[in-house]
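Residue indices begin at 1 and follow the sequence shown.
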Amino acid sequence: MKLNLPVFDQLAGCKNVLIAGMGGGYDVFCGLPVYFELQQRGQNVHLANFSFTDVELLKDGLRLTDTLVGVTAGQNDPPFYFRELHLARWFKEKRGQAVPIWCFRKTGARPLLENYRVLVEHLSVGGILLIDGGVDSLMRGDEAQRGTLIEDAISLCAVNELCNVPTRLIGCVGFGAEDHITHAHVLENIAALTKEGSFLGACSLAPQMEAYQAYEEAVLYAQSQASQESSVINSSIVSAVRGEYGDYHLTEKTRGSRLWISPFMPIYWFFDLLVVARRNLFLPQLLHTDTFTQAWVAFADATRSIPRRTEEKIPLS
């Protein structure tokens, strides 16, 4: 059983595709089912992540710039908060493959854009799919609750400027897994994107899919490593694909909180990145930031004067 990717036509003409986690952490894992599906269809696919690791301190790896490193399974650096290293080791140990995971240091938009340009040239990338574990990448800035969108917005800002890459898409998965986000406004944003022709379709993970099975194995492998926290979003996706529902907790990390695992969580939603970027109300203010702190301040300053929509619940009962 295959993942019925609605954006395969857009990506089919790209000799080399880059799938990049736009929010950091475990976001790159959310792109694995798409990675495996495209590989099965004969495409060259590469993985990257907006990393939370201090990549400039790494001694090993395939270094392209001070803040861009391809992490490999043979890395001797200590496995602190290092999701990418465990993913590279999973590929080597479980599949016998040497797959570098390209790590962008968590910076402002300007150095991230330069790093993307370097990597695009290095890999001859013709298409980029930014993957968001969750849906806060679709936030415009006027929602009642906006989630933790700043990392996603920095990635969106950088890739939006890559005019030499003809195909630039966003994929979101894990709807409902995030706290402090107005999901009714997410759906309203998706409706508006649909009117503008930016919504490119949806598909869902199922347990019978080989691509899903490999993804689940990789997630559970990484979460089982010493000193590594679990991913709430990926754990929620796995729980939903397994058929769990409601206040179910796959890991100890979420014990004591209330979850709502649902069949919405394994659904991928795909969008034209350029339209998502154009509709964003604060993205231009991020473009000339160098550090993550500068980007956060620019976001706070830009959104302070944006009127917020009234909090709204999804009217289902």
Side-chain angles (χ1 to χ4, degrees), residues 14-32 35 39 44-131 151-152 154-162 164-165 168 218 221-222 225-228 286-295:
C14 305
K15 183 178 180 181
N16 291 289
V17 176
L18 178 65
I19 296 177
M22 65 190 302
Y26 274 98
D27 270 13
V28 64
F29 285 76
C30 293
L32 289 177
Y35 171 88
Q39 272 201 330
N44 298 322
V45 195
H46 307 274
L47 293 169
N49 205 34
F50 193 37
S51 182
F52 293 167
T53 297
D54 293 326
V55 300
E56 67 269 32
L57 302 180
L58 300 179
K59 299 180 179 66
D60 300 318
L62 309 173
R63 184 170 296 278
L64 296 186
T65 74
D66 289 344
T67 51
L68 171 57
V69 177
V71 170
T72 64
Q75 208 91 10
N76 290 316
D77 295 284
F80 33 79
Y81 192 91
F82 208 167
R83 308 298 188 246
E84 300 87 0
L85 173 58
H86 293 301
L87 180 54
R89 287 179 174 173
W90 174 81
F91 271 107
K92 187 65 175 178
E93 293 178 19
K94 302 299 183 180
R95 300 175 74 89
Q97 298 172 352
V99 178
I101 312 300
W102 296 97
C103 295
F104 300 109
R105 177 71 170 99
K106 191 164 76 168
T107 64
R110 183 154 47 191
L112 181 60
L113 171 57
E114 291 308 310
N115 279 336
Y116 261 107
R117 285 173 173 157
V118 169
L119 189 59
V120 163
E121 182 176 357
H122 180 71
L123 300 175
S124 299
V125 169
I128 296 177
L129 173 62
L130 287 183
I131 287 289
E151 290 90 352
D152 302 284
I154 294 170
S155 295
L156 175 62
C157 181
V159 174
N160 184 53
E161 296 296 315
L162 293 174
N164 60 325
V165 180
R168 285 165 285 170
Y221 172 91
Q225 303 305 304
S227 304
Q228 300 301 302
L286 301 183
L287 184 56
H288 300 294
T289 59
D290 291 313
T291 68
F292 181 77
T293 299
Q294 288 174 354

Query raised in the report: Can you tell me if T65 uses its side chain to pair, donor with acceptor, with the backbone of T67 under 3.5 Å?
Result: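 Looks like yes, one N/O pair under 3.5 Å.
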
Query raised in the report: Do R83 and V28 come within less than 4.5 Å of each other through their side chains, counting heavy atoms only?
Result: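 A side-chain contact is absent here, since even the closest heavy-atom pair is not under 4.5 Å.
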
Report task. I would like to know whether L64 and L119 meet side chain to side chain contact (heavy atoms under 4.5 Å, CB included); could you show each step before the answer? Result -> CA-CA 8 Å; L64 296 186; L119 189 59; 3.9 Å; yes

Query raised in the report: Are any side-chain N or O atoms of T289 and backbone N or O atoms of G108, one a donor and one an acceptor, separated by less than 3.5 Å?
Result: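 No, T289 side chain to G108 backbone: no donor-acceptor pair under 3.5 Å.
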
Query - Gap between atom CH2 of W102 and atom CG of L18 - 0.5 Å precision - result: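 Spacing of CG (L18) from CH2 (W102) equals 10.0 Å.
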
**Report entry** Shortest non-hydrogen separation from R63 to L58 and the atoms involved
**Finding:**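 Scanning both residues completely, I find the closest heavy atoms to be NH2-O, 3.0 Å.
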
Report task. For A158 and A109, work out which heavy atoms get closest and say how close. Result ->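 Minimum heavy-atom contact is CB-O, 4.2 Å.
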
Query raised in the report: What are the two closest non-hydrogen atoms of L68 and V55, and how far apart are they?
Result: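 Looks like N-CG2, 4.4 Å.
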
Query - Which atom of Y221 lies closest to which atom of H86, heavy atoms considered - result: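 Smallest interatomic distance, heavy atoms only, reads CE2-O, 3.3 Å.
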
Query - Flag side-chain contact, heavy atom, 4.5 Å: N16 against H46 - result: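 Yes, at least one pair of side-chain atoms sits under 4.5 Å.
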
Query raised in the report: Looking only at heavy atoms, what is the nearest atom pair of A88 and V99, with distance?
Result: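 The answer is CB-O, 3.8 Å.
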
Query raised in the report: What distance separates T291 OG1 from R105 CZ, expressed to the nearest 0.5 Å?
Result: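 So the gap between those two atoms works out to 10.5 Å.
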
Query raised in the report: Counting distance only, does the side-chain N/O of N49 pair as donor-acceptor with the main-chain N or O of Y26 below 3.5 Å?
Result: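 Between the backbone of Y26 and the side chain of N49 there is no qualifying donor-acceptor contact (under 3.5 Å).
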
Requested in this report: Measure the CD1-CD1 distance between I19 and I131 for me, rounded to the nearest 0.5 Å.
Outcome: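 These two atoms lie 6.5 Å from each other.
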
Query raised in the report: Out of curiosity, T107 OG1 to F50 CZ, how far, rounded to the nearest 0.5 Å?
Result: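 So the gap between those two atoms works out to 5.0 Å.
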
Query raised in the report: When you measure from the side chain of Q75 to the backbone N and O of T72, does any donor-acceptor pair fall under 3.5 Å?
Result: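 Yes, the answer is positive, given that a donor and an acceptor are paired below the 3.5 Å cut-off.
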
Query raised in the report: Hey, does F91 have a side-chain heavy atom less than 4.5 Å from the side chain of L32?
Result: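 Yes; the side chains approach each other to less than 4.5 Å.
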
Query - Any residue meeting ring pair (Phe, Tyr, Trp, His ring centres under 6.0 Å) with Y116, in chain and number order, not counting sequence neighbours - result: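 Only F104 meet the ring pair (Phe, Tyr, Trp, His ring centres under 6.0 Å) criterion with Y116.
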
**Report entry** Side chain R89, main chain K92, donor-acceptor under 3.5 Å
**Finding:**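 Not a single qualifying donor-acceptor pair exists.
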
Requested in this report: Count the heavy atoms of every other residue, nucleotide or ligand shown that sit under 6.0 Å from CD of E121, and state whether that count exceeds 12.
Outcome: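 At most 12 heavy atoms, drawn from other residues, nucleotides or ligands, come within 6.0 Å of this atom.
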
Requested in this report: To the nearest 0.5 Å, tell me how far K106 NZ sits from T293 OG1.
Outcome: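 The distance works out to 9.0 Å.
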
**Report entry** Nearest-0.5 Å distance that lies between atom CG in L287 and atom CG in N160
**Finding:**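 Output value for this atom pair is 9.0 Å.
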
**Report entry** Criterion side chain to side chain contact (heavy atoms under 4.5 Å, CB included) on L156 and M22, from CA distance to verdict
**Finding:** CA-CA 7 Å; L156 175 62; M22 65 190 302; 4.2 Å; yes

Requested in this report: Go through L112 and V159 one step at a time and tell me if the side chain to side chain contact (heavy atoms under 4.5 Å, CB included) criterion holds.
Outcome: CA-CA 9 Å; L112 181 60; V159 174; over 6 Å; no

**Report entry** Evaluation steps, side chain to side chain contact (heavy atoms under 4.5 Å, CB included), between L162 and N164
**Finding:** CA-CA 5 Å; L162 293 174; N164 60 325; 4.1 Å; yes

Query raised in the report: Is there a donor-acceptor contact under 3.5 Å from the side chain of R168 to the main chain of I128?
Result: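 No.
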
Query raised in the report: Which atom pair, heavy atoms only, marks the closest approach of D27 to G21?
Result: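 What the structure gives for the nearest pair is CB-CA, 3.7 Å.
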
